[in-house]
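See below for the structure under consideration.
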Amino acid sequence: HNNVWPEFTEMIGGEFAAHPWFTFWAPVIIEDPSFPAMKHFGSTHMVFYDEMYVPRAENWSRSKVNVLMRLDESKLPPPGPQEPYASLSGVGAMMSGAGAEAMKKMATRGLREDQDYALAWAKMYGKGRVFYSSLGHTKAAFQNPDVRKMYLEGIKWVLGFTEGSTASHPKVN
C-alpha cells in the first residue's frame with residue numbers, strides 16, 4: 001500500500017488505508033445481492049467478526065467499481081479498539097497519556113468523510129475481471145462458510161463461469 005505500485009492499485013480498484021475499529025462485530029450491508037458472490041447470503045444486513053479494512057479515499061471511488069458489500073455507517077461504533085480488546089490491560093495502558101494520543105491517531109486514520117466503507121467490489125480492468133474483498137482476517141471469518149462461498153463464487157465470476165454486473169451505483173441501504 002501507500003501507492004508503491006500504482007498499476008496494481010488501479011487494477012484492484014483501491015488500496016488499504018486503515019482499520020479504524022480493529023477487530024469487531026461489524027455491521028454489513030450487501031448492496032448487490034444479485035452478484036454471484038453475494039447471492040448465497042441469507043440477508044442484506046448482517047454482522048461479521050473481522051478486522052475490517054477501509055479503502056484509501058485518494059485512490060478508491062465508488063464510481064469506478066460495483067460495490068457489493070460495505071460497512072453500515074449508521075451502526076458503526078466510535079473508532080478504536082472494540083470489546084473484548086478495549087478492556088485488555090495492554091490496550092488500557094495505551095489509552096492514557098501519550099499512548100492515548102497515538103491510539104486515537106491510529107484509530108481515526110482511514111476514516112472517510114463520505115463514510116463509504118466498501119468491503120467487497122467487482123470491476124473490469126481492461127478485458128479482465130477483478131473481484132476484491134477484505135474479509136477473512138480472523139480465523140472465525142475465514143472459517144465462515146458464507147465467506148468461503150463468497151470467495152469461491154468471486155473466483156468463478158473472475159474466470160467467466162458466471163455473469164454479474166460491474167456497473168457502479170449510489171449507496172444502497
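These values consider heavy atoms only, across backbone and side chains, with no hydrogens, waters or symmetry-generated copies.
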For a 4.5 angstrom cut-off between non-hydrogen side-chain atoms, does [X] reach [Y]?
X    : Y    : value
M150 : F41  : yes
K75  : V47  : no
K64  : W121 : no
I30  : F35  : no
F48  : T138 : no

Exercise for review: Please identify each residue that fulfils ring-ring contact (aromatic ring centres under 6.0 Å, His included) with H40, with sequence neighbours left out.
Suggested key: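 Applying ring-ring contact (aromatic ring centres under 6.0 Å, His included) to H40 gives none.
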
Of all heavy-atom pairs between [X] and [Y], which one has the smallest distance, and what is that distance?
X    : Y    : result
Y125 : M11  : CD1-CA, 3.4 Å
S133 : Y151 : O-OH, 3.1 Å
R62  : S168 : O-CB, 3.3 Å
P36  : W157 : CG-CD1, 4.2 Å
W60  : A118 : CZ2-CB, 3.4 Å
M52  : L71  : CG-CD2, 3.9 Å

Exercise for review: Return the orientation label for the Y49 and W25 ring planes: parallel under 30°, perpendicular over 60°, tilted otherwise.
Suggested key: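 Tilted.
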
Cluster check [X], [Y]: I/L/V/M/F/W/Y, side chain < 4.5 angstrom:
X    : Y    : value
F24  : V147 : yes
L135 : M38  : yes
V65  : V130 : yes

Check your understanding: Given I12 and W5, is the side chain to side chain contact (heavy atoms under 4.5 Å, CB included) satisfied, shown in steps?
Key -> CA-CA 11 Å; I12 294 298; W5 191 4; over 6 Å; no

Only distances under 3.5 Å count here; give the side-chain donor-acceptor pairs of residues 160-167 to other protein atoms, sequence neighbours excluded, each with its distance to 0.1 Å.
{"unit_1": "E163", "atom_1": "OE1", "unit_2": "R129", "atom_2": "NH2", "d": "2.9"}
{"unit_1": "E163", "atom_1": "OE2", "unit_2": "R129", "atom_2": "NH2", "d": "3.1"}
{"unit_1": "S165", "atom_1": "OG", "unit_2": "A167", "atom_2": "N", "d": "2.9"}

Between [X] and [Y], is there a donor-acceptor pair closer than 3.5 Å when you use the side chain of the first and the backbone of the second?
X    : Y    : result
H45  : N173 : yes
D50  : H137 : yes
R70  : L119 : no
Y132 : K123 : no
H169 : V67  : yes

Exercise for review: Would you please test T9 and R56 for side chain to side chain contact (heavy atoms under 4.5 Å, CB included) and show each step?
Suggested key: CA-CA 10 Å; T9 300; R56 186 176 304 280; over 6 Å; no

Which value, rounded to the nearest 0.5 Å, describes the distance between [X] atom [atom1] and [Y] atom [atom2]?
X    : Y    : atom1 : atom2 : answer
Y117 : K171 : OH    : NZ    : 8.5 Å
R148 : F142 : CZ    : CZ    : 6.5 Å
D32  : N66  : CG    : CG    : 4.5 Å

Check your understanding: In the hydrophobic cluster built from side-chain contacts under 4.5 Å, what are the other members alongside L152?
Key ->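 Answer for L152: none, a lone residue.
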
